[in-house]
Amino acid sequence: MSNSKSRKIKPQTLRGFRDILPDQMMAREFLIDTARQVYRSYGFAPIDTPALEYAEVLLGKGGEESDKQVFRFLDQGDRDVAMRFDLTVPLARFAAQHIQTLGTPFRRYHVGPVWRGERPARGRFREFVQCDFDTIGSTSNATDIETLLVINDLFESIGIERFTIRVNNRCVLNGLLQKNDLQNHSVGILRALDKLEKIGRDAVVSEMVERVGVSEDQANSVLEMACLTGSPNEVLSSLEPLLAGNETGEHGLSCLRELFGTVDACGLPADRVALDVSIARGLDYYTGTIYETFLGDLPQIGSVCSGGRYDNLAELFTSQQLPGVGASLGVDRMLAAMEELGMVEQASTPAPVLVTMFDGGKAAEYQAVARRLRLAGIGTEVFPEAKGIGKQMKYANRKGFRVAIIAGADEFENGTWQVKGLADGSQEQVADGDLQSFVSDLLQ
RNA sequence: GUGGCUAUAGUUCAGUUGGUUAGAACGCUGGUUUGUGGUACCAGAGGUCGCCGGUUCGAAUCCGGUUAGCCACCCCA
């Protein structure tokens, strides 16, 4: 071992990778637990896949840009391997490999870290957690609608009161493009359109003209339709004549009509789900419904849950047609938002009760009483040292314990416990037999 | 990957035109005669000023490189 004078290794994490401290990790676990509960309530089942895949499985799926961001190396057996950069491509491989066993429709959720070697920025890291759910093997619009309902329930369960799910359908966009003879420029136009909110209408028009190479008239007519505002039904009605006779566009419209009809029938608040013809999502593989979720109190942080429908997830792995629809909760971005909204408790302890060690000779009794409380379902920590009771109370306060239990010679003599509520300073002497129920009531 | 900004204690920051032992607040540890936290008072620990090199009698301060972080672009969660 090195002595104290030797040069120490500098404790540091890799660029874009970070440690997560308890306060933040507890919020993160809450978020993920909530997502799990909601996904499971709809019948989505958990899966996992390896962090490392053959490079050929992962590469070439998201264009040149994302290939550059993949962490890739030769393993000890000289295999060309790569770390997954999302959960969707591994799902494609997984589905192609196992769909015969699983059958369709197959609903799965998947929570796990992914890695991208891109330049870190605010809310953007080289290692981050995705929390995906998808339904594979059904083209029914019912699964699109259910995806929307899952997103809604997810944010309600997290405790967000004001949020909007913006919905669009690529078929509507593609219909508009076809009617304007622009289908060959769809990728560039959709990408430009996606920036509407951020850079403004004029900038989008000039990007379409300069970078995509369409005429100014064409660009303007796309934007005219993309900028329609009003209630979903109003927008749908305005779109109808613009898409008349175009099969793709009309299909998109009817899917959206059904979706908003279900939103009504399910009694979601009127402003909860919006139809926004301008959202396109950058990813090329979406082919139908598209979702983005914005927080009412923090819209500028961007979409915290996005997704959509894709026609053929696994075409690179199998000739079996596997359509799907799903979305992904942005755990890290959501966490950043929750911090800004004051939803992350500081200095919180996972256990609400602290048993102080007043008399070091009674350590066994303290452990025994803590165990009784735990068996009653009450998280309980025992202070490990018989320090001054003031110190222990200070610790209890700092860590956010809600109840402290204190017992010294007097209490042991008459078989009682001092139970103190940290919030209001109230303290009561409780008989040994009543302890569990008393503490449990106090924590209600 | 491109452009710009930044780097001093655990955290947020001061630090004069380069000049002795680098400061504050908060946090942390201990104490204010050892059975009670949030407030007050006292004390302590903690920094080779991101790292490497250069200029200089002398560098936290000026210059170069490097690493890391922030902002914008690109892309996305």
Side-chain angles (χ1 to χ4, degrees), chain A residues 5 7-8 10-19 21 31 35 62-69 84-88 111-132 191-192 194-195 198-199 203 207 211 280-286 291-294 301-307 327-337 346-347 354 356-360 362 383 385-412 417-429:
Chain A
K5 279 191 174 177
R7 196 191 179 91
K8 299 294 187 216
K10 186 177 178 185
Q12 59 180 348
T13 55
L14 284 165
R15 178 173 168 78
F17 291 70
R18 66 255 163 81
D19 294 322
L21 274 58
L31 207 56
E64 282 174 36
E65 275 301 315
S66 50
D67 278 5
K68 275 192 216 161
Q69 297 177 351
R84 66 180 178 211
F85 63 91
D86 71 4
L87 299 178
T88 305
V111 182
V114 302
W115 296 270
R116 293 183 194 175
E118 65 182 332
R119 189 163 178 157
R122 183 191 170 184
R124 205 156 90 183
F125 311 96
R126 287 184 167 181
E127 177 182 59
F128 60 97
V129 170
Q130 289 196 324
C131 199
D132 282 28
R191 191 163 285 170
D194 213 29
K195 297 178 194 165
K198 204 167 175 184
I199 65 179
E207 175 165 338
R211 285 173 61 171
R281 305 281 308 139
L283 290 172
D284 304 343
Y285 57 71
Y286 289 126
Y291 318 86
E292 291 194 339
T293 311
F294 289 83
I301 204 158
S303 172
V304 286
C305 186
S306 308
S328 177
L329 170 67
V331 173
D332 294 273
R333 185 171 290 178
M334 189 60 208
L335 214 53
Q346 298 294 304
L354 179 72
T356 58
M357 187 169 293
F358 182 57
D359 177 354
K362 297 285 188 188
F383 197 85
E385 296 170 57
K387 286 190 180 175
I389 207 71
K391 275 287 171 266
Q392 299 189 45
M393 293 306 296
K394 196 171 178 181
Y395 171 82
N397 185 60
R398 175 160 52 90
K399 284 294 175 74
F401 285 93
R402 293 170 59 200
V403 170
I405 292 182
I406 304 158
D410 296 349
E411 286 74 19
F412 283 116
W417 302 93
Q418 296 290 338
V419 179
K420 179 160 186 162
L422 273 295
D424 57 6
S426 65
Q427 183 165 333
E428 283 205 47
Q429 182 160 322

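Below, chains carry the letters A, B, ... as their sequence lines are ordered, and counting in each starts from 1. Computed from a prediction, not measured in an experiment: that's the story for all the values here.
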Find the distance between CZ (R126(A)) and CD (E118(A)) and round it off to the nearest 0.5 Å. 8.5 Å

Taking for each residue the nucleotide of RNA chain B with the nearest heavy atom, is it F17(A) or R116(A) whose nucleotide lies nearer the 5' end? F17(A)

Consider only side-chain N and O atoms of E127(A) and W115(A), and report whether a donor and an acceptor are under 3.5 Å apart.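 Note: E127(A) and W115(A) side chains meet the donor-acceptor criterion.
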
Of all heavy-atom pairs between M393(A) and K420(A), which one has the smallest distance, and what is that distance? CE-CD, 3.8 Å

Give me the distance, rounded to whole Å, that separates rC13(B) from rG50(B) when you measure between the P atoms they each carry. 15 Å

Distance check needed: rG69(B) P versus R18(A) CZ, whole Å only.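 It works out to 11 Å between those atoms.
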
Check ring-ring contact (aromatic ring centres under 6.0 Å, His included) between F125(A) and all other residues, then give those that pass, not counting sequence neighbours.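 With neighbours one apart ignored, the set is empty.
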
Do F85(A) and Q69(A) have side-chain heavy atoms sitting under 4.5 Å apart?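 No; the side chains remain at least 4.5 Å from each other.
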
Expressed in angstrom and rounded to an integer, what is the separation of R126(A) atom CZ from rC76(B) atom C1'?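 From R126(A) CZ to rC76(B) C1': 15 Å.
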
So do the side chains of F383(A) and L354(A) get within less than 4.5 Å of each other, counting heavy atoms only?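 Yes, at least one pair of side-chain atoms sits under 4.5 Å.
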
Test log, rule side chain to side chain contact (heavy atoms under 4.5 Å, CB included), inputs R18(A) and D332(A): CA-CA 12 Å; R18(A) 66 255 163 81; D332(A) 294 273; 2.4 Å; yes

Taking pairing as Watson-Crick or G-U wobble with both contacts under 3.5 Å, can you name the mate of rC73(B), or confirm there isn't one? rG1(B)

Scanning both residues in full, the closest heavy-atom pair of E411(A) with Q418(A) reads OE2-NE2, 3.0 Å

Quick one: look up who rU12(B) pairs with, Watson-Crick or G-U, both distances under 3.5 Å, and put none if it's unpaired.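 rU12(B) is paired with rA24(B).
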
Contact string for nucleotides 34-39 of chain B, one letter per nucleotide 5' to 3', B = base within protein heavy-atom range under 4.0 Å, S = sugar-phosphate only, - = neither, reads -BBBB-

With the side chain counted from C-beta on, respond yes when S306(A) and Y291(A) share a heavy-atom pair under 4.5 Å apart, and no when they do not.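 Counting from C-beta outward, S306(A) and Y291(A) never come under 4.5 Å.
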
Would you kindly give the CZ-to-P distance between F125(A) and rG69(B), to the nearest whole Å?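 These atoms are roughly 10 Å apart.
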
Rounding to the closest angstrom, what is the interatomic distance between rU21(B) and rA60(B) at atom C1'?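 Going atom to atom, C1' in each nucleotide, I get 15 Å.
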
Can you tell me how far P of rU29(B) sits from CD of E385(A), to the nearest Å?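 It works out to 11 Å between those atoms.
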
Tell me which nucleotide, if any, is Watson-Crick or G-U wobble paired with rU6(B) when both distances must be under 3.5 Å.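 Its partner is rA68(B) (Watson-Crick or G-U wobble, both distances under 3.5 Å).
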
Roughly, in whole Å, what's the span from CH2 in W115(A) to P in rC76(B)? 21 Å

What interatomic distance, in whole Å, is found between P of rC26(B) and the corresponding atom of rC41(B)? 9 Å

Between G16(A) and C305(A), who's closer to the 5' end of RNA chain B by nearest nucleotide? G16(A)

Sticking with atom C1', work out how far rC28(B) lies from rG64(B), rounded to a whole angstrom. 39 Å

Give a yes or no on whether the backbone of S303(A) and the side-chain of R333(A) come within a donor-acceptor separation of less than 3.5 Å.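 Indeed, once roles are kept as given, a pair shorter than 3.5 Å links the two residues.
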
If the P atom of rG31(B) is compared with that of rG38(B), how far apart are they to the nearest Å? 14 Å

Who is the Watson-Crick or G-U wobble partner of rA43(B), with both distances under 3.5 Å?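 Paired with rA43(B), as far as the under-3.5 Å criterion goes, is rU29(B).
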
Rounded to whole angstrom, note down the C1' distance from rG3(B) over to rA77(B).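 Straight-line distance between the two C1' atoms is 25 Å.
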
Measure the acute angle between the ring planes of F401(A) and Y395(A), then classify it against the limits of 30° and 60° as parallel, tilted or perpendicular.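 Correct class here is tilted.
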
Provide the distance between the two P atoms, one in rG19(B) and one in rA59(B), to the nearest whole Å.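 Approximately 11 Å lies between the P atom of rG19(B) and that of rA59(B).
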
Report the distance from atom CD of E118(A) to atom P of rG69(B), rounded to the nearest whole Å.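 Answer to the nearest Å: 13 Å.
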
Would you measure the distance from the P atom in rC63(B) across to the matching atom in rA72(B) and give it in whole Å?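 So the two P atoms sit 27 Å from each other.
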
Rounded off to whole Å, could you give me the CZ-to-C1' distance for the R15(A) and rG50(B) pair?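 Roughly 14 Å, once rounded to whole Å.
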
Are any protein N/O atoms closer than 3.5 Å to N/O atoms in nucleotides 3-8 of chain B? If there are, list each pair with its distance.
| unit_1 | atom_1 | unit_2 | atom_2 | d |
| --- | --- | --- | --- | --- |
| rG3(B) | O6 | R119(A) | NH2 | 3.3 |

